[in-house]
2 protein chains.
Amino acid sequence: MNSRYTDQQVRFAAKLYYVDGVSQTEVARLVQVSQAKVSRLLAAARERGIVRITVDAYEPRDDELEKEIRDVFGLGNAIVVKTAPGASGDVLRATVGHIGAQYVAALIPDSGVLAIAGGRAVRELCERLPERDGRRLTIVQAMGGIDSGVNSEDAIELGRSLVQRWGGFFMTLSTPAFVPNKRTRDSFLGFKQIHAVWDRFTQAGAALVGIGAMEASAFVARGVLTTQDIEDLKKHGAVGEICGRFFDKNGSECDTPWRERVISIGLAGLRQIPQVVAIVPGAERAHAVAAAIRGRLIKTLVTDETGARALLALKPARGAGRTSSGKTKK
Amino acid sequence: MNSRYTDQQVRFAAKLYYVDGVSQTEVARLVQVSQAKVSRLLAAARERGIVRITVDAYEPRDDELEKEIRDVFGLGNAIVVKTAPGASGDVLRATVGHIGAQYVAALIPDSGVLAIAGGRAVRELCERLPERDGRRLTIVQAMGGIDSGVNSEDAIELGRSLVQRWGGFFMTLSTPAFVPNKRTRDSFLGFKQIHAVWDRFTQAGAALVGIGAMEASAFVARGVLTTQDIEDLKKHGAVGEICGRFFDKNGSECDTPWRERVISIGLAGLRQIPQVVAIVPGAERAHAVAAAIRGRLIKTLVTDETGARALLALKPARGAGRTSSGKTKK
DNA sequence: GCTGAAATTGAATAATAATTCAGTTATATT
DNA sequence: AATATAACTGAATTATTATTCAATTTCAGC
């Protein structure tokens, strides 16, 4: 905003307000303008650097835990967000999303293809990614629609809002996530419209995903899978899921009928993406996260301290660990 | 305030609010406290220096004009307050009072006797003198009550509020400002209670006064003098007044019947006080101010730029001027 | 001088922040 | 442990600040 307020006036208002602690209403009286303008003068003072507000560095990440995770699990990158003690649920997601966004923004390329999955934590983070910062991506929906409704945390909604924020192009996978059988899936994949998206998966430079646990599955909540289905999957060794792809404790995709019935980026495809960011706050899904890391499904984990600790409490990969020493601290 | 908020919590709140621009309500949610507490946490952050707000120096005084006044009129000290262009009336008084107070505070000693007169401009300034700053003065009312009513700008009210602010002791002159004749005045001065105050005048280390012009006299407005009285005074050469003492263009007390009828600090007494501060915003009373300066009645003048310019437009004292050169700038 | 676009303005309003108040909870002193 | 005192807390309230909106003003280009 190119305002023509005189420096004199801006400085006078700034001195009265910030130095002398006079209210805007009183400043308005002394400067002989409306209170509204005082508010604007003060904004100008901050913009022009006449008033500077500096805040001591606050480290919002727990780098000790991050280092441990990197060392013990051999994960490329971990972002462990400090939260209010006892934070959980919405607050936890919001905090991890808020702080995480500042760092995830730097991990996502300026151009190219970004695959995006849904989830409440992913949404919280996406909502807080910076406004139009020159980025211009092709965003692709990484999994079909869970059900016919569209929730605010569904990939289709997140993708839409991200291109609105950044410009670029959003490609939606106009299919259900799960179809009745392989034949139907292949038929869907035959559609050019859908195949075009499918193709983009291989070109993705980054992906933003959540990780599902077998407990409290969103698929069950939304009536796509039954509790029995989950039990069956567990019998096949499933401990977690990304984009509807169930994997075992080593992060290998479970060989179940569901494997043929899901329309989403495959785990093999995911492994090829240079930057896969998983946002998983909370301790509940630690097992699934551990498995995903073992399977090299993700490159970056965004979580909070309870999530990090729960993860570290689990056995690391058999023989995994990026550093040969595999030392753990304290 | 010795708050026990953890630094961690204070810093987290400060980062969210000041760095990320999150509202207090949202910070409250993330930090898991009430919005009220966020407000307190942020106050603590500022107090502890975790958040620092710096404002580029703004020079609220016009030192060019001050220097000119000192040079041309040979006045010890001038405080010329910059104001909003076109400021007048209440706003002018408030601005001069606000800025002036910051400097006048430094001119008033920490202890000893302070004589105080009334007036709207004096009130504006007094109201803005710093709260209990270790000062402990005996404050004396420099002139009796103008009429039976007590206005918020009367010395009795200002003195009361100053001792409330600073501690110390307030001595009120429980007499009218003007009495019918010299005999009555002498009788009043005979009272121990009044004499005690009268005595203090000679011990005063500082005085805070206004200067009255012959026009728009507060005494006329309050029905103590008539327009005719003012005309009579003018015939005797009166151009201004301090504490009910009328003086001519050289600042010498006019020899009129009123001189015997006023109960207030005398001009001779005033001259002896090491620090007499006159607060006179606006151009209207320039003649009176010039005369007061010529008569060495005041040591410091507090005014605004229009007041300073009006003063400079007048002839300086015959042969006055502290510097032998008496040079003027520009 | 005229014209249109952009910037600026303050009144009204909406949004946000500070304070009051009536309990709680912690801390120090017996 | 019992008590007194100071500190702390959040709901409700009050106070303050930011924004919206409908003019009005300024300025660049004729």
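Lettering of chains follows the sequences in order, A, B, ..., and the numbering in each one begins at 1.
Taken over five-pair windows at either terminus, the axes of the helix from C:dG1-D:dC30 to C:dT30-D:dA1 are inclined to one another by 60° (rounded to 10 degrees).
Remark: B:D62 pairs with no residue by the side-chain hydrogen bond (donor to acceptor under 3.5 Å, both in side chains) rule, at least two apart or across chains. For B:S111, the side chain to side chain contact (heavy atoms under 4.5 Å, CB included) test picks out no residue, with sequence neighbours left out. Shown here are the side-chain hydrogen bond (donor to acceptor under 3.5 Å, both in side chains) partners of B:D147, two or more places apart in sequence or in another chain: B:R222. Residues passing the side-chain hydrogen bond (donor to acceptor under 3.5 Å, both in side chains) test with B:E153, sequence neighbours excluded: none.
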| What does nucleotides 9-19 of chain C look like as a protein-contact string, B for base, S for sugar-phosphate only, - for none, at under 4.0 angstrom between heavy atoms? | BBB-----BBB
Side-chain donor-acceptor pairs of residues 32-41 of chain B under 3.5 Å, sequence neighbours excluded:
| residue | atom | partner | partner atom | Å |
| --- | --- | --- | --- | --- |
| B:Q32 | NE2 | B:R29 | O | 3.0 |
| B:S34 | OG | B:K37 | N | 3.2 |
| B:Q35 | NE2 | B:Q24 | OE1 | 2.9 |

Enumerate, atom names and distances included, each donor-acceptor pair closer than 3.5 Å involving a side-chain atom of residues 163-171 of chain B, sequence neighbours excluded.
| residue | atom | partner | partner atom | Å |
| --- | --- | --- | --- | --- |
| B:Q164 | OE1 | B:R160 | NH1 | 2.9 |
| B:R165 | NH1 | B:C126 | O | 3.0 |
| B:R165 | NH1 | B:E127 | O | 2.9 |
| B:R165 | NH1 | B:L129 | O | 2.6 |
| B:R165 | NH2 | B:E127 | O | 3.3 |
| B:W166 | NE1 | B:P130 | O | 3.0 |

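Under the salt bridge (Lys or Arg N to Asp or Glu O under 4.0 Å) criterion, the residue pairs touching residues 93-105 of chain B are B:D90-B:R93, with sequence neighbours excluded.
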